[in-house]
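Starting from 1, each residue takes its place in the sequence as its number.
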Amino acid sequence: MDYLIALFLGFVEGLTEYIPVSSTGHLLLLSHFLGFESPSNTFAVLIQLGAVLALLSLYFNKLWNVLITLPTSPESRGFAVSILVAFFPALVIGVLAHDFIKSVLFESPRLICISLIVGGIILWLVDKYAPTPDKGDAFRLDFKTSLIIGVFQCLAMIPGMSRSGSTLIGAMLCRVEKKAAAEFSFFLAMPTMLGAFTYDVYKTHNQMNFNDMGLVVVGFIAAFVTALVVVKAVLNFVAKNGYGIFALWRIVVGGLGLILLSLGH
C-alpha cells in the first residue's frame with residue numbers, strides 16, 4: 001500500500017511542482033491524511049529531484065548553449081549570474097533554518113493550510129493588480145530584479161507558500177511578464193531544489209533505510225514523468241490565462257484541509 005501511495009504522491013509532485021500551489025504543502029497534507037510516514041519528511045524533498053531532472057531534460061539545449069558560451073557571451077554570463085544571485089538568499093536561509101523548517105514547520109498541517117490560503121489570496125491580488133510589465137525575457141533580467149525574486153523565494157521555506165508561487169509574485173511585482181516570470185522560476189528551481197536535495201540527504205542520510213529508498217524511487221519516477229508533461233502546458237496556459245485559477249485552487253485546498261483538521265483527521 002505504501003508503494004501505491006508513493007506512486008500517487010510522485011504524480012502529485014510532478015503535477016504541482018511548477019505551478020504556484022505548493023507541491024510540498026500538497027505532499028505533506030496528503031501524507032498526513034493518508035497516514036504515510038517518512039523519517040524527517042525526507043520523501044517530500046527527495047522526490048522533487050525527479051521534477052528537477054524533467055525540467056533539465058526539457059531545457060537541456062538552452063542551458064547547454066549558455067554553458068558553452070559563457071567565455072564569449074555577455075548574455076550567457078549575465079543569465080548565469082542572475083540565477084546565482086537569485087539562488088543565494090535561499091541558500092543562506094535554507095542552511096541556517098533547515099532543522100527548524102523540517103522539525104517544526106513541516107510538522108504543522110494547520111500552518112500549511114493557512115499558508116495555502118494566504119498565498120492564494122496574495123497571488124490573486126498580484127496577478128490582477130501587478131504593475132504593467134516591462135521585462136519580457138527570462139534570460140535578460142537585471143541583477144536587482146533577480147535578487148528581489150530570490151528574496152521572495154525564501155517565503156517558500158514556509159510549507160504551503162510555494163516556491164514557484166513566491167518567485168512569481170516577486171517577479172510580477174518587479175514588472176516581469178507572466179510567461180517570462182514562469183520561465184525564470186523554472187530555471188531558478190534547478191539550483192534551489194538540487195541544493196535542498198543535497199543538503200537534506202547530508203542531514204538525514206543516517207535516518208533512511210532501504211525501504212525508504214524504494215518508496216523514493218517510485219515517487220521519483222512518477223514525479224519525473226508527470227513533470228515532463230506539465231511544464232510546457234503551464235507556460236502556454238499562464239501566457240493566456242494568468243494565475244487566477246491557481247490562486248483559487250490554493251484557497252480551496254487550504255480550506256478543505258482546515259475543515260478536515262477541525263473534524264479530527
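Evaluation of the ring pair (Phe, Tyr, Trp, His ring centres under 6.0 Å) rule for Y59 yields F187 as partners, not counting sequence neighbours. Remark: Y18 engages F186 in a ring pair (Phe, Tyr, Trp, His ring centres under 6.0 Å) (not counting sequence neighbours). Residues that satisfy the side chain to side chain donor-acceptor pair (under 3.5 Å) test with E17, not counting sequence neighbours, are S23. In terms of the ring pair (Phe, Tyr, Trp, His ring centres under 6.0 Å) criterion, residue partners of W249 (sequence neighbours excluded) are, by chain and number, H26.
Looking only at distances, no side-chain donor or acceptor of R250 sits under 3.5 Å from a matching main-chain atom of I117. Not a single donor-acceptor pair under 3.5 Å links the side chain of S82 to the backbone N or O of S146. The main-chain N or O of A189 is never found under 3.5 Å from a side-chain atom of T192 such that the two would form a donor-acceptor pair. R175 places no side-chain N or O within 3.5 Å of a backbone atom of D134 that could act as its donor or acceptor partner. With hydrogens and angles disregarded, no donor-acceptor distance shorter than 3.5 Å links the side chain of T198 to the backbone of G195. Between the side chain of S108 and the main chain of L111, a donor-acceptor pair closer than 3.5 Å is present.
I148 and V81 fall into different hydrophobic clusters, where Ile, Leu, Val, Met, Phe, Trp and Tyr are joined by side-chain heavy atoms under 4.5 Å apart, directly or via other members. Two different hydrophobic clusters hold L141 and L147 under the rule that ILVMFWY side chains link at heavy-atom gaps under 4.5 Å. Hydrophobic clustering (side-chain heavy atoms under 4.5 Å, transitive across Ile, Leu, Val, Met, Phe, Trp, Tyr) groups Y243 together with I251. Taking hydrophobic clusters as Ile, Leu, Val, Met, Phe, Trp and Tyr residues chained together by side-chain heavy-atom distances below 4.5 Å, L70 does not share a cluster with F143. L15 is connected to F33 through a chain of hydrophobic side-chain contacts under 4.5 Å among Ile, Leu, Val, Met, Phe, Trp and Tyr, so both are in one cluster.
At a threshold of 4.5 Å between non-hydrogen side-chain atoms, the residues F79 and L63 count as touching. Between F139 and V66, the closest side-chain pair of non-hydrogen atoms falls below 4.5 Å. In this structure, the side chains of L261 and C113 come closer than 4.5 Å at one or more pairs of heavy atoms. Contact of the S162 side chain with the V21 side chain is not registered, since no non-hydrogen atoms from C-beta on lie closer than 4.5 Å. R163 places a side-chain heavy atom less than 4.5 Å from the side chain of M193. Residues K135 and T145 are in side-chain contact: their nearest non-hydrogen atoms beyond the backbone lie under 4.5 Å apart. Counting heavy atoms from C-beta on, the side chains of L116 and L29 come closer than 4.5 Å.
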Anything under 3.5 Å between a donor and an acceptor, one on a side chain of residues 226-242, the other on a protein residue two or more places apart or in another chain? List them.
unit_1	atom_1	unit_2	atom_2	d
T226	OG1	A222	O	2.8
N236	ND2	K232	O	3.3
N241	ND2	F237	O	3.0

Side chains of residues 5-12: which donor-acceptor pairs under 3.5 Å do they make with residues two or more places apart or in other chains?
none

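At a threshold of 4.0 Å, the pair E75-R140 counts as salt-bridged, since one of the basic side-chain nitrogens sits closer than that to a carboxylate oxygen. A salt bridge links K62 to E183: one of the charged nitrogens lies within less than 4.0 Å of a carboxylate oxygen.
In the model, T167 has a side-chain atom that pairs as donor or acceptor with a side-chain atom of S185 under 3.5 Å. There is no side-chain donor-acceptor pair under 3.5 Å between E13 and T24.
Rounding to the nearest 0.5 angstrom, the gap separating the CZ atom in F184 from the CG atom in D137 is 11.0 Å.
Shown here is I101, whose CD1 atom has more than 12 heavy atoms of other residues, nucleotides or ligands within 6.0 Å.
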